[in-house]
Amino acid sequence: METAQDAAVSPSPENSRRSFLRSAVTIASGMSAFVAALSPLHELDADDVPTLEGFLQKHYKEMGPGEMQTALARIKREVDKRYSVDSVVRDVRPKEGVEFVYALNLSRCIGCRRCVHACVAENNQSRSPEIQYIRVLEMPRGTIDIERGNHHYDRPTVPDLLHYYMPVQCHQCANPPCVKVCPVEATWQESDGITVIDYDWCIGCRYCEAACPYWARRFNFVEPEIPKEQLNPEISYLSNRPRPKGVMEKCTFCLHRTREGKMPACLEACPVGARKFGNVLDPESEVAHILREKRVFVLKEDVGTLPRFFYYFDERYPRPEGEPALDPLHADEAKAR
Amino acid sequence: MIAAREYARFLWRCFRVSFAGDWRYHLWMTALTVVALLGLNAYAKQLVHGLGTAGLSDQVSWGLYIANFTFLVGMAAAAVMLVIPVYIYRNQELHDLVIFGELLAVAAILMCLAFVTVDLGRPDRFSHLFRRFNFPISMLTWDVVVLNGYLLLNLHICGYLVYCAYRRRRPSKLFYIPFVFVAIVWAVSIHTVTAFLYVGLGGRPFWNSAIIAPRFLASAFAAGPAFLLVTLWVLDSYTDYVVPAKAFATLKNIVTVALLINMFLLVCEVFTEFYTDSAHGVSARYLFFGLHGYHALVPWIWSAIGLNTSALLILLLPLSRRPALRNLACLMLIVGIWIEKGMGLIVPAFIPSPLGEIVEYLPTWNETLVCLGIWAFGLLVFTVLVRVTIPVLAGRLTIDRLYSPDYTRRVPVVLDHAQPTPEVLP
Amino acid sequence: MRNLIPLVFLVLAVAFAADARRGVTLPLPGPSGVTMDDLHLGPPRQALRDPPTFQSGPYRLNCSECHALFPSLAEPRVPLLQHRNVVLNHGQNDRCYNCHSRENRDRLVLRGGQSCGFDDVPRLCAQCHGTVYRDWQNGTHGRTLGSWDRASGRQQHLGCSECHDPHAPAFPHLAPLPGPNTLRMGEQESEQAHGNERNPLEKWKARHADAAEESTRGREH
């Protein structure tokens, strides 16, 4: 490449040898500084290094049954090795004719935070820092402005009688802003209404976290740390498998439980029965009754997210005078009698 | 084949020229390289330990990286806006400014891409962007498309013009004029798309306002040309390249008008938030006056307003014809707008969180080093590009000529594109 | 000057290598320490079944076995001589024989005098708590465990006495589990120190704070 014309700076052989040597030494020292700058990378464990298998893995929606089995096997291998357990890793699909709705009775919630910690235990969340999907707000009476809530209340006993308590978690909105903004479609809404994340697809840009009006999404800023004895070995691909560093996660209404008919962990832990969950497409379900008869509202309705999480109080709508108390669903039958 | 060899030789010669310079040049380049390596080291630590090495949290999930990204997108957009006086108003004297503007745009876009990459939690999954692309719904996908398109556009335009000058050949209008006009529109689009990233989020009322995009453009058109103005002054003072006075005057006018518009839009925003006095203005209250005892950003925003106002006053006065004051005003407004876009736009939208929690943000040293490293890298790229372009445009580095630096000789080299250049030798 | 450049890079390389040895420590908040054992899933109370029994020392007796031998007061008052653990705090329902059958302690009694079994407690409570009973029938009051799916047959609706102590039905106050301790959270106050001072509701509440506390204390939660 180099012709005589390019001997730019000085023509004499002595100078050109010196300048060549100087350039060589400078380049060598520069390269060594460059390599040394990358030396912290020696701390990467084997599992942190991206693998070809991980690179080639398809998006959840594109995976065929064989590919899913491979992925599940890989996850089981990794979890078993890391936590010394015998895990059961599945891909739990949604049921037909089911749309989940959650209802929360604000007349009953006492702010004990048992739902928060049941969720942490069930969903294999990092303990250090402790990622909690549910936030319980201690609200002063007379307002539903959630910016007035206190997240960090620390009383000897709850409930405090001048406050009411409002837990907030992912509302699995019907018009989700988080799904809109994801650049790689790593988060989407399934047929039963649950917004899910493919943890092997997320690139960690955190745009969805900025977009959520309910602050429902969490990011793994560091490698999640779960004590081995506290790991829940019943795992599913889309919900509670231990997440890698650098990806988003959020409440999935415990889909690994609820898609098989069980109740979510937060509901089972609630000592006062403030949480109600079910299939709103079933007209006789508890949640359908609540939506029909109770005074329900949603948070930040003006943002247009159409949440599937409703708050209600024990009061019913007023009835016309003189009319006996009837379940509106069976009103016709009663009239006929 | 010969053409490819010729081009490769051109690149090699550029590479060699970029290492030639006086002691000030070498000091500048070494310092930048050291800072860039420090940034690389800090990023390596971030790759190992995750974004926890930054001062980010679930409450404030975007910070210094996205702040710098936003500012630099503006710079990139503005650099090309110089194209309008030259090509639309046919101001031939400023012809070469266009090239410098586009070189600045190239460096700025590279910095933007670097900032976005370091902000990702899983940069190893970059390929997912090509496999499932949520275009046109997600504004981030628009950003990916327009930023990379803009980079390619600018690389083509200045690459073509510089290579033609090297070949001593008149550039064919077909190969660059259409691209230049596309670049004008595209420059506006890159910043508008970046603004729309923030504007479309209903859950963040601080951002969910129509004025964000116009403010972006106004502040970008103040900061970009200001940076270019300072750069041209450096070139004019420390190299033998002479910048016509008209260039400084035009740039100064652009900066002044843009800054005036920016200040007006600031007044609009402040009025809307504080006169309405609703709960939607709580982030603005936090930014300007602090909220419930948390006031980390208050000194920053008032400094930014002070810097911008002082810069505007200086620029409006005839004093600013003096280079020292003009440069000072430009530097002040660059810093002021940087603060406004970063601390004044990105961070307050996260405080308080959508559930009302207040968690403040303080960048860590590691995060700061990564940012400085990327800035150093960008300045390195810009310096190299300018270092190569000047001799080519001055006719000192051409296909048929030996390169002679002669940087000690301050003889004005005037570029005269009105004269036809001799045909290239076979 | 140019000869110094390699030196600068070498010093930098050495500094990087030395720094890499030190490693990075992040200020991570620790775990809250709550485990599943702190959570007590399942029914909160062990309700009396039909027929009800009482553990007296090593013997498990039917209620009527003792009450056939020992007469009770006409109008008992707490604390009782036996059953000393019974705390009566049921509002205006402070008369034992409102619910318990005077003749047969193995049964409960409705307002009209009808006999009611211990397995049929909701019917008894419904006499006064009609609205709550209606909600309970729908499943909107109380805890439903097992399954959300009515068709699955695994739904477990808890009866009134499986959550509420019939003698003191209001839930005892609980100690809240630890609150959030997230990455880089900073100082957070556990008391809501800031209200909106201009809000008239706040001003009235402050003025009547004591009276408000009095009135809410007595009311059923």
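Keep in mind that the numbers below use all heavy atoms, side chains included, and drop hydrogens, waters and symmetry copies. Keep in mind that what you see is a predicted model, and the values were worked out from it rather than measured. So you know, we letter chains A, B, ... as the sequences are listed, proteins then strands, and number each from 1.
Considering every non-hydrogen atom in both A/Ala211 and B/Leu201, the closest pair reads CB-CD2, 3.5 Å. Between B/Gly203 and A/Pro213, the closest heavy-atom pair is CA-CB, 3.7 Å. Taking all atoms of both residues into account, the shortest heavy-atom contact from B/Pro354 to A/Cys212 is CG-O, 3.7 Å. Summarising the geometry of B/Phe133 relative to A/Glu185, their closest heavy-atom pair is O-OE2, 4.0 Å, with the distance given to 0.1 Å.
Chosen from B/Ala42, B/Gly121, B/Pro352, B/Gly50, the residue pairing most often with chain A at heavy-atom distances under 4.5 Å is B/Gly121. In terms of heavy-atom pairs under 4.5 Å with chain A, the best-connected choice from B/Asp143, B/Leu56, B/Leu129, B/Leu47 is B/Leu56. Interface remark: of the candidates B/Ile66, B/Val144, B/Ile137, B/Asn208, B/Ile137 forms the most heavy-atom pairs closer than 4.5 Å to chain A. Chosen from B/Leu120, B/Thr53, B/Leu355, B/Val34, the residue pairing most often with chain A at heavy-atom distances under 4.5 Å is B/Leu355. Interface check for chain B: of the options A/Tyr207, A/Phe34, A/Phe219, the most heavy-atom pairs under 4.5 Å are formed by A/Tyr207. Put simply, of A/Glu43, A/His59, A/His152, the one with the most heavy-atom pairs under 4.5 Å next to chain B is A/His59. Considering only heavy-atom pairs separated by less than 4.5 Å from chain B, the leading option among A/Asp145, A/Val184, A/Ile146 is A/Val184. Counting heavy-atom pairs closer than 4.5 Å to chain B, the top residue among A/Ala36, A/Ala210, A/Pro129 is A/Ala210. Heavy-atom pairs under 4.5 Å with chain B were tallied for A/Arg217, A/Glu209, A/His42, A/Arg218; the largest tally goes to A/Glu209. In terms of heavy-atom pairs under 4.5 Å with chain A, the best-connected choice from B/Leu197, B/Asp58, B/Leu51 is B/Asp58. Among A/Pro183, A/Gly246, A/Gly204, the residue with the largest count of heavy-atom pairs under 4.5 Å with chain B is A/Pro183. Residue with the most contacts toward chain A among B/Ala54, B/Gly39, B/Ser57, B/Pro123: B/Ser57 (heavy-atom pairs, distance under 4.5 Å).
Judged by distance alone, the side chain of B/His128 and the main-chain N or O of A/Ala186 form no donor-acceptor pair under 3.5 Å. Although no hydrogens or angles enter the test, the distance criterion places no donor-acceptor pair under 3.5 Å between the side chain of B/Lys45 and the main chain of A/Leu41. Although no hydrogens or angles enter the test, the distance criterion places a donor-acceptor pair under 3.5 Å between the side chain of B/Arg125 and the main chain of A/Cys202. The closest donor-acceptor contact from the side chain of B/Asn134 to the backbone of A/Cys182 lies under 3.5 Å. The main-chain N or O of B/Gly200 is never found under 3.5 Å from a side-chain atom of A/Lys180 such that the two would form a donor-acceptor pair. A distance-only check finds a donor-acceptor pair linking the side chain of A/Arg206 to the backbone of B/Asp119 [under 3.5 Å].
In this structure, chain A has a heavy atom under 4.5 Å from the side chain of B/Val282, while its backbone stays farther away. In this structure, no portion of B/Thr33 lies under 4.5 Å from any heavy atom of chain A. Contacts between B/Ser127 and chain A at a heavy-atom distance below 4.5 Å involve the side chain alone, from C-beta outward. For A/Lys245, the parts lying near chain B are the backbone and the side chain together; criterion is any non-hydrogen pair under 4.5 Å. With a threshold of 4.5 angstrom between heavy atoms, A/Asn150 does not approach chain B through any atom at all. Neither the backbone nor the side chain of B/Phe135 has a heavy atom closer than 4.5 Å to any heavy atom of chain A. For A/Val222, the parts sitting under 4.5 Å from any heavy atom of chain B are the backbone and the side chain alike. Contacts between A/Leu137 and chain B at a heavy-atom distance below 4.5 Å involve the side chain alone, from C-beta outward.
The local environment of CH2 in B/Trp142 is sparse, with at most 12 non-hydrogen atoms from other residues, nucleotides or ligands closer than 6.0 Å. More than 12 non-hydrogen atoms from other residues, nucleotides or ligands lie less than 6.0 angstrom from CG of A/Leu56. Open room surrounds CZ on B/Phe196; 12 or fewer heavy atoms of other groups in view lie less than 6.0 Å from it. Annotation: B/Trp28, atom CH2; neighbour count of heavy atoms from other residues, nucleotides and ligands within 6.0 Å does not exceed 12. In A/Phe55, the CZ atom is not crowded: 12 or fewer heavy atoms of neighbouring residues, nucleotides or ligands sit closer than 6.0 Å.
Taking OH from A/Tyr214 and OG from B/Ser353, the interatomic distance works out to 14.0 Å, rounded to the nearest 0.5 Å. Between the CZ atom of B/Arg122 and the OH atom of A/Tyr199 there is a distance of 14.0 Å, given to the nearest 0.5 Å.
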- Step-by-step side-chain contact (heavy atoms from CB on, under 4.5 Å) determination, B/Asn41 to A/Leu38: CA-CA 6 Å; B/Asn41 179 251; A/Leu38 293 173; over 6 Å; no

- Message: Test side chain to side chain donor-acceptor pair (under 3.5 Å) on B/His49 and A/Glu223; report intermediate values, then the result.
- Response: CA-CA 7 Å; B/His49 296 276; A/Glu223 187 69 41; over 6 Å; no

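Of the charged side-chain nitrogens involved, none lies within less than 4.0 Å of a carboxylate oxygen, so that A/Glu62 and B/Arg131 do not count as a salt-bridged pair. Taking a cutoff of 4.0 Å between a charged side-chain nitrogen and a carboxylate oxygen, B/Glu357 and A/Arg135 qualify as a salt bridge.
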